[in-house]
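Hydrogens, waters and symmetry mates play no part in the numbers below; they use all other heavy atoms, side chains included.
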Amino acid sequence: MNLDTLKVNRTVDEKDGMLHGMPDYYFMTGRNALDSILKSMTAAGRSAQDVERVLDYACGYGRVLRWLLAAFPQATIIGVDMDAKAVASA
């Protein structure tokens, strides 16, 4: 999977404290998380097409969730967090 070609939602809620005015770093961090997930899947002999369900626990405003949505469009993806406003934004 070429992460450079993924259609990732670039809209970030102004309340997302992880942004810190550094959008490049913000998106790179989410991308790196997905890259680690994909490497783990490869090591386990799995591909992105094998993914049916994803749970992003403590998803916040969706820094990683947006990458999961782009990488696994066929999957049911659920984001949960204690901050209901963050989840609604994600």
Side-chain angles (χ1 to χ4, degrees):
M1 174 180 302
N2 183 347
L3 301 186
D4 293 327
T5 62
L6 289 179
K7 304 279 191 254
V8 176
N9 182 339
R10 301 278 176 173
T11 303
V12 181
D13 191 296
E14 63 186 32
K15 295 176 186 150
D16 189 340
M18 301 303 267
L19 184 60
H20 299 295
M22 299 182 297
D24 290 340
Y25 179 75
Y26 179 91
F27 288 105
M28 181 183 65
T29 302
R31 177 193 163 123
N32 288 344
L34 175 60
D35 188 47
S36 294
I37 291 166
L38 292 172
K39 286 177 181 175
S40 296
M41 289 175 59
T42 298
R46 298 296 191 146
S47 72
Q49 292 75 29
D50 295 329
V51 176
E52 296 177 7
R53 294 180 304 272
V54 176
L55 172 63
D56 185 354
Y57 183 77
C59 70
Y61 284 87
R63 182 170 55 166
V64 175
L65 185 64
R66 66 187 70 239
W67 287 91
L68 297 171
L69 289 165
F72 308 117
Q74 76 286 356
T76 299
I77 300 179
I78 299 172
V80 297
D81 197 284
M82 287 182 55
D83 185 340
K85 291 179 183 176
V87 174
S89 177

Asker: For the CG atom of Leu68 and the CG atom of Leu55, what is their distance to the nearest 0.5 Å?
Answerer: 10.0 Å

Asker: Among all residues two or more places apart in sequence or in another chain, which pass the side-chain hydrogen bond (donor to acceptor under 3.5 Å, both in side chains) test with Asn32?
Answerer: none

Asker: Would the number of heavy atoms belonging to other residues, nucleotides or ligands and lying under 6.0 Å from CZ of Arg53 be above 12?
Answerer: no

Asker: Around atom CD of Glu14, are there more than 12 heavy atoms of other residues, nucleotides or ligands at under 6.0 Å?
Answerer: no

Asker: To the nearest 0.5 angstrom, please state how far the NZ atom of Lys85 sits from the CG atom of Asp16.
Answerer: 14.5 Å

Asker: Is there a donor-acceptor contact under 3.5 Å from the side chain of Arg63 to the main chain of Val12?
Answerer: no

Asker: Check whether any side-chain heavy atom of Asp81 lies under 4.5 Å from a side-chain heavy atom of Tyr61, and answer yes or no.
Answerer: no

Asker: Do Trp67 and Ile37 share a hydrophobic cluster (ILVMFWY, side-chain heavy atoms under 4.5 Å, transitive)?
Answerer: yes

Asker: For Met18, is the CE atom crowded, meaning more than 12 foreign heavy atoms sit under 6.0 Å from it?
Answerer: no

Asker: Under the criterion side chain to side chain contact (heavy atoms under 4.5 Å, CB included), I'd like the reasoning laid out for Asp56 against Ile77: C-alpha separation, chi angles, the key distance, then a yes or no.
Answerer: CA-CA 8 Å; Asp56 185 354; Ile77 300 179; 5.6 Å; no

Asker: Is Val51 reachable from Val8 through a run of hydrophobic residues whose side-chain heavy atoms are each under 4.5 Å from the next?
Answerer: yes

Asker: Using salt bridge (charged side-chain N to carboxylate O under 4.0 Å, His left out) as the criterion, list what pairs up with Asp4, not counting sequence neighbours.
Answerer: Arg31

Asker: Verify the cluster assignment for Leu65 and Val87: are they in a single hydrophobic cluster under the rule of side-chain heavy atoms below 4.5 Å apart?
Answerer: no

Asker: Side-chain heavy atoms nearer than 4.5 Å, only ILVMFWY residues, links allowed to pass through others: does that put Leu69 and Val54 together?
Answerer: yes

Asker: Tell me, please, which residues at least two apart from Asp35 pass salt bridge (charged side-chain N to carboxylate O under 4.0 Å, His left out).
Answerer: Lys39

Asker: Test of understanding: with salt bridge (charged side-chain N to carboxylate O under 4.0 Å, His left out), list the residues that count as partners of Lys7, not counting sequence neighbours.
Answerer: none

Asker: Only counting residues at least two apart or in another chain, list the ones meeting side-chain contact (heavy atoms from CB on, under 4.5 Å) with Ala48.
Answerer: Met1, Phe72

Asker: For the pair Leu3 and Leu34, evaluate side chain to side chain contact (heavy atoms under 4.5 Å, CB included) and give the outcome as yes or no after the intermediate values.
Answerer: CA-CA 9 Å; Leu3 301 186; Leu34 175 60; 3.7 Å; yes

Asker: Test question: given the 4.5 Å side-chain rule for I, L, V, M, F, W and Y, name all other residues clustered with Met28, or answer none.
Answerer: Met22, Tyr25

